[in-house]
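Structure first, commentary second.
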Protein chains: 4
Amino acid sequence: MHKVAIVGASGYAGAELLRLCASHPDLDVVAASAERSAGKAVAAVHPHLGAAYPQLTFDHYSPDLFDGVDVTFLALPHGASQRLVPELLEHSKRVIDLAGDFRFHDDSVYETWYGQAHAQPDMLGDFVYGLPELFREDIAGATAVAVAGCYVTAASIALAPLVATGAVDGGGIVVDAASGVSGAGKNATAETAFATVDASFAAYGLVGHRHTPEMEMALTRHAGVPCQILFTPHLAPMSRGILATCYARTANEATTDEVLSALEDAYAAEPFVRIVEHPPATKATLGSNNVEITARVDPRTGWTIVIAALDNLVKGAAGQAIQCANIILGLPEQTGLPLTGVSP
Amino acid sequence: MHKVAIVGASGYAGAELLRLCASHPDLDVVAASAERSAGKAVAAVHPHLGAAYPQLTFDHYSPDLFDGVDVTFLALPHGASQRLVPELLEHSKRVIDLAGDFRFHDDSVYETWYGQAHAQPDMLGDFVYGLPELFREDIAGATAVAVAGCYVTAASIALAPLVATGAVDGGGIVVDAASGVSGAGKNATAETAFATVDASFAAYGLVGHRHTPEMEMALTRHAGVPCQILFTPHLAPMSRGILATCYARTANEATTDEVLSALEDAYAAEPFVRIVEHPPATKATLGSNNVEITARVDPRTGWTIVIAALDNLVKGAAGQAIQCANIILGLPEQTGLPLTGVSP
Amino acid sequence: MHKVAIVGASGYAGAELLRLCASHPDLDVVAASAERSAGKAVAAVHPHLGAAYPQLTFDHYSPDLFDGVDVTFLALPHGASQRLVPELLEHSKRVIDLAGDFRFHDDSVYETWYGQAHAQPDMLGDFVYGLPELFREDIAGATAVAVAGCYVTAASIALAPLVATGAVDGGGIVVDAASGVSGAGKNATAETAFATVDASFAAYGLVGHRHTPEMEMALTRHAGVPCQILFTPHLAPMSRGILATCYARTANEATTDEVLSALEDAYAAEPFVRIVEHPPATKATLGSNNVEITARVDPRTGWTIVIAALDNLVKGAAGQAIQCANIILGLPEQTGLPLTGVSP
Amino acid sequence: MHKVAIVGASGYAGAELLRLCASHPDLDVVAASAERSAGKAVAAVHPHLGAAYPQLTFDHYSPDLFDGVDVTFLALPHGASQRLVPELLEHSKRVIDLAGDFRFHDDSVYETWYGQAHAQPDMLGDFVYGLPELFREDIAGATAVAVAGCYVTAASIALAPLVATGAVDGGGIVVDAASGVSGAGKNATAETAFATVDASFAAYGLVGHRHTPEMEMALTRHAGVPCQILFTPHLAPMSRGILATCYARTANEATTDEVLSALEDAYAAEPFVRIVEHPPATKATLGSNNVEITARVDPRTGWTIVIAALDNLVKGAAGQAIQCANIILGLPEQTGLPLTGVSP
């Protein structure tokens with residue numbers, strides 16, 4: 001058993017880490033911190049985890065909690081982990097950060113899109129980017145991982161093989177995506193109230209969403225050609241799930257069969273990626289670590305559409321973090337990660 | 001009082017026509033036909049209308065029902081009204097068709113996208129296109145109206161002023177839209193079951209959706225420049241509402257302020273169109289005949305985004321049909337049409 | 001036109017008052033106060049009302065706002081109106097309070113169930129109870145009305161005729177009810193977050209809910225026999241709607257036909273009450289001022305079930321308040337109140 | 001590995017059996033039949049199971065499929081399994097039926113409540129009742145199990161210890177329950193359409209629901225005193241989950257503490273039953289095999305309320321079936337059964 005710990009375990013991503021660790025045969029949660037819920041039982045804050053964690057209680061963050069921990073997951077709001085990581089790495093052997101703090105190697109990109117200077121620009125190079133399907137080789141020996149963002153995971157896995165093989169252009173891409181409301185975090189706001197979200201669909205973060213440069217970085221690095229993306233996220237009336245509908249200019253007269261083949265070839269060995277014929281529904285991935293993808297070429301307009309569905313809390317957050325942990329710890333990559341969604 | 005009648009009154013659009021007529025001061029529903037519900041009370045089929053229609057019963061379709069009727073609304077599945085209209089126009093003074101049957105003047109476009117030959121190609125020229133904000137002058141004296149499709153209404157109202165003023169290009173447009181499930185009609189299918197739709201988001205009709213050529217026709221006719229669109233609809237877990245997120249290439253270095261001004265100028269006198277600052281939510285239009293629109297220019301990528309929200313059963317169907325009826329009958333255009341949504 | 005005003009107009013009940021007043025031919029909203037939204041446009045806070053109130057802005061509460069107002073509606077959290085009413089009645093001609101503050105004539109009942117002493121015990125006798133179907137004659141000449149609670153309206157209208165005619169006993173009643181989340185108000189909390197409420201059903205307020213004594217009071221007063229009720233509310237994953245499933249011991253060997261007849265007789269002249277054969281769904285009443293009721297007698301167990309559905313924001317709050325205003329102002333009682341629900 | 005098979009594997013309960021078997025270490029699905037989906041891949045019918053069952057295809061039912069199978073699960077509509085079981089038991093070593101066909105030992109009870117004569121009255125005695133928490137000792141050596149109904153499981157586990165210890169009376173009980181729509185099965189109907197169920201709450205099956213006599217049988221047998229129940233189910237706008245709110249007359253001046261203690265004592269050793277302080281939400285049990293229960297005594301009215309939440313497809317169907325299979329096969333009872341829900 002490997003010792004793991006969670007910082008920020010009272011939120012949605014924290015809860016999902018706890019859920020997945022509970023059925024993981026090789027991970028043992030030895031500490032879970034949560035400032036506002038410190039002193040409370042996990043069972044009180046996350047009733048759905050009460051039977052699996054009858055004894056565990058949230059602690060205040062304290063570096064000593066993480067002494068000898070093999071992997072510490074940070075599931076904090078953006079901006080918080082960059083203040084904790086330097087100290088934390090003196091106690092925990094490795095850290096896996098689910099926030100946006102360490103995803104860019106260039107702190108000016110961070111500053112431009114996150115609107116604040118980075119507190120630890122010198123550490124950015126110490127982090128590898130946690131998106132195994134595209135950058136697996138980087139992760140194996142890492143001590144610090146910045147897990148890819150949820151929207152980025154969907155769009156990048158969908159588009160990367162097509163840009164890399166030249167089936168589509170890297171420029172002029174549009175990513176139009178919808179997410180369930182858990183992506184906005186657990187803080188109670190008017191925007192995330194049931195009566196606001198129910199029966200409603202709306203865009204948000206027009207033009208300036210922070211996942212834009214991250215998508216461009218991931219695609220550009222993987223494909224080796226400069227990529228530019230306009231990204232528009234939407235909020236759908238559901239708790240979980242991301243669907244990314246990606247539009248790219250078809251190149252080299254690629255056909256639907258060719259783009260589907262390119263996707264199948266790229267992911268034939270991936271346990272969590274399925275290329276499907278029909279447009280995937282987010283519900284098919286609810287609760288699992290899977291990504292489902294389909295694609296079409298429209299010769300009439302010159303566009304190629306690639307659509308990816310995943311669960312934003314699993315493959316888009318906690319599941320991907322554990323997938324990275326499995327790689328780092330030398331475990332089979334799919335260990336403890338659900339292959340089946342929960343539906344209906 | 002003007003006499004109106006409804007063919008296909010047991011479906012969602014039919015019910016919405018009944019709902020809106022119930023609070024319309026100048027329309028009197030004298031007949032409502034519905035084949036499978038013939039003989040049943042409206043109150044039994046549409047419980048939410050029981051208090052307003054305590055006596056009305058559905059009839060089988062019969063041309064005599066429509067003798068002397070001022071306006072007959074057809075709310076039938078696509079393909080059905082082209083078989084009824086010739087006979088119906090010998091009884092009813094005017095017809096307003098909510099289906100796709102008579103929206104194109106060129107029957108080859110119909111045949112290409114609907115996959116069947118048109119039964120009444122010679123009548124296509126007799127119908128005007130029912131989208132008052134763009135083609136009001138055509139409607140006034142008409143005896144036959146083909147009401148615009150729900151997605152088309154959203155996308156065309158959003159894009160038309162920008163194409164017409166040259167703020168965006170007419171080619172290379174992407175329309176990515178989401179609809180509530182009532183858009184699929186009332187027929188019970190696995191695809192529209194609660195347990196399928198709930199908590200799920202998915203695309204459908206990839207590349208070949210029938211509203212594509214209708215959007216192109218509406219935009220091209222209104223703006224006078226050829227328009228080409230890739231349209232991708234999605235099903236969102238909600239009963240009503242359409243959000244169309246439209247992407248067009250910015251032209252002439254237009255700015256966000258300029259595109260918002262172009263929209264405001266175009267619709268300043270329109271009672272049902274509101275240009276809003278924040279991304280509109282479908283819920284704000286639920287139950288009303290309103291369209292809410294916002295727009296942004298992204299100089300970095302060269303894209304302009306225009307987003308429109310409306311209620312697919314009101315402005316996207318029954319409300320627009322009554323708006324056309326008001327015009328034809330010489331009533332003030334907003335008579336009887338709700339300006340307020342029902343929220344939450 | 002009668003001048004009306006709203007105190008607390010930024011909440012759900014306040015918004016619903018604004019919505020209903022917008023289509024009411026005889027009421028003119030001259031002021032709307034809302035502390036936290038003061039200075040903001042109604043259109044910004046309630047986008048669904050933007051087209052109907054393009055100019056109206058929320059004010060801070062100030063007694064002068066209400067000078068010469070015919071009816072002021074108070075849509076405030078429980079406990080607030082008792083502090084405002086004495087002053088308000090020096091400015092506004094009449095007040096209609098939607099909260100629980102003035103529903104009991106006995107301040108000790110208030111203190112027991114609301115857990116605090118009443119600030120204006122001497123004024124309790126000045127208020128009539130606003131539930132027209134049971135206490136219409138009290139309302140006509142009133143200057144102060146305490147509108148009945150949402151759950152109370154559903155359960156009392158369902159049970160009153162049966163207790164009054166002796167078809168069921170007044171003691172040993174169980175009321176098991178479910179409500180949409182708008183009943184909890186607009187304040188953003190963890191309990192009302194989409195991700196909490198969606199896909200979930202739970203009871204709350206076990207044994208001690210404040211609507212219990214109000215139901216007992218309404219039934220006891222109307223039927224003239226002492227009534228005792230155990231009331232258990234539940235939160236259902238929907239925005240609006242109340243369903244009250246009421247269990248009472250059958251008396252005098254009443255049959256299903258007899259209890260349905262007793263209900264029909266009691267409400268034959270009521271515009272907003274419909275006795276229906278099938279179990280009513282809350283959705284059939286969404287947006288309207290209607291109550292739908294059915295009943296069954298189970299001879300095997302000796303229980304009679306009476307079920308009532310209504311929209312908690314309309315018949316359970318704003319609609320009922322306007323119904324009371326219509327009575328007070330001498331208008332036809334159904335003026336401006338929707339008879340049709342919005343479905344689907 | 002034990003060989004298992006599923007008859008009726010294309011429905012919701014069948015899918016859930018497949019989901020749970022996929023992560024069960026000791027069960028191997030060797031056959032899955034489904035008449036209307038015969039020849040189709042599991043991945044096509046149940047996309048959420050595609051990654052776990054990439055090869056499995058549905059077969060037509062044929063007795064040979066089940067040769068040598070250790071346990072065959074029947075997940076068929078009520079009435080179908082009684083026609084298959086005699087033949088099936090000549091091939092499969094054991095059967096576990098999830099329908100209502102073999103739950104009563106007295107065929108006249110079946111005939112009264114199911115409205116048809118039983119096809120195999122002589123086999124009723126061969127089946128044990130599959131509700132381990134109350135009748136575990138019956139199950140161990142069984143070759144045929146009739147798994148308890150979903151509502152029955154919730155209400156019986158909630159009430160049994162209190163009736164058995166005399167804390168409440170067995171007569172005069174009211175069970176008021178709500179279920180997600182998956183309880184109605186996968187057949188597409190107007191009643192289960194999204195646009196019908198969404199935003200709505202309604203009762204159904206008034207007075208005569210088939211789970212009534214089953215609840216009475218389970219409670220009476222377990223507690224040894226005659227029990228009589230009025231049961232009213234409701235449909236809530238959610239896919240999964242049952243909440244049973246049970247009302248019984250308090251006996252022997254029991255207090256809230258005493259009834260909670262009685263529940264804790266009864267279930268202290270049960271892995272899947274949790275006694276909780278706050279009213280349980282169905283969402284806390286979504287996807288797990290857990291039951292969460294709370295209780296209150298109301299001295300004022302003499303009622304005791306007991307509330308139980310569970311997932312109708314897991315503890316109310318497939319999970320309980322596998323729990324029974326574990327017992328029969330001599331495996332630890334919780335093997336392969338999820339202890340954590342999926343939330344949000």
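All chains are named by letter (A, B, ...) in the order of the sequence lines, taking the proteins before the strands, and each is independently numbered beginning at 1. Since the model is a prediction, treat every value here as computed from it, not as a measurement.
Contacts between C:Leu286 and chain B at a heavy-atom distance below 4.5 Å involve the side chain alone, from C-beta outward. The parts of B:Ala52 that come within reach of chain C are both its backbone and its side chain, each placing non-hydrogen atoms under 4.5 angstrom from that chain. Proximity to chain B involves both the backbone and the side chain of C:Ser343, based on heavy atoms less than 4.5 angstrom apart. When heavy atoms are compared at a cutoff of 4.5 Å, C:Glu292 approaches chain B solely by way of its side chain, counted from C-beta outward.
Put simply, of B:Gly180, B:Ala199, B:Gly50, the one with the most heavy-atom pairs under 4.5 Å next to chain C is B:Gly50. Ranked by heavy-atom pairs shorter than 4.5 Å toward chain B, the options C:Arg19, C:Glu16, C:Lys283, C:His46 are led by C:Arg19.
Minimum heavy-atom separation, C:Ala43 to B:Arg274: CB-NH1, 3.8 Å. Closest non-hydrogen pair, B:Ala22 versus C:Thr340, comes out as CB-CG2, 4.0 Å.
Between B:Leu313 and C:Pro344 there is a side-chain heavy-atom pair separated by less than 4.5 Å.
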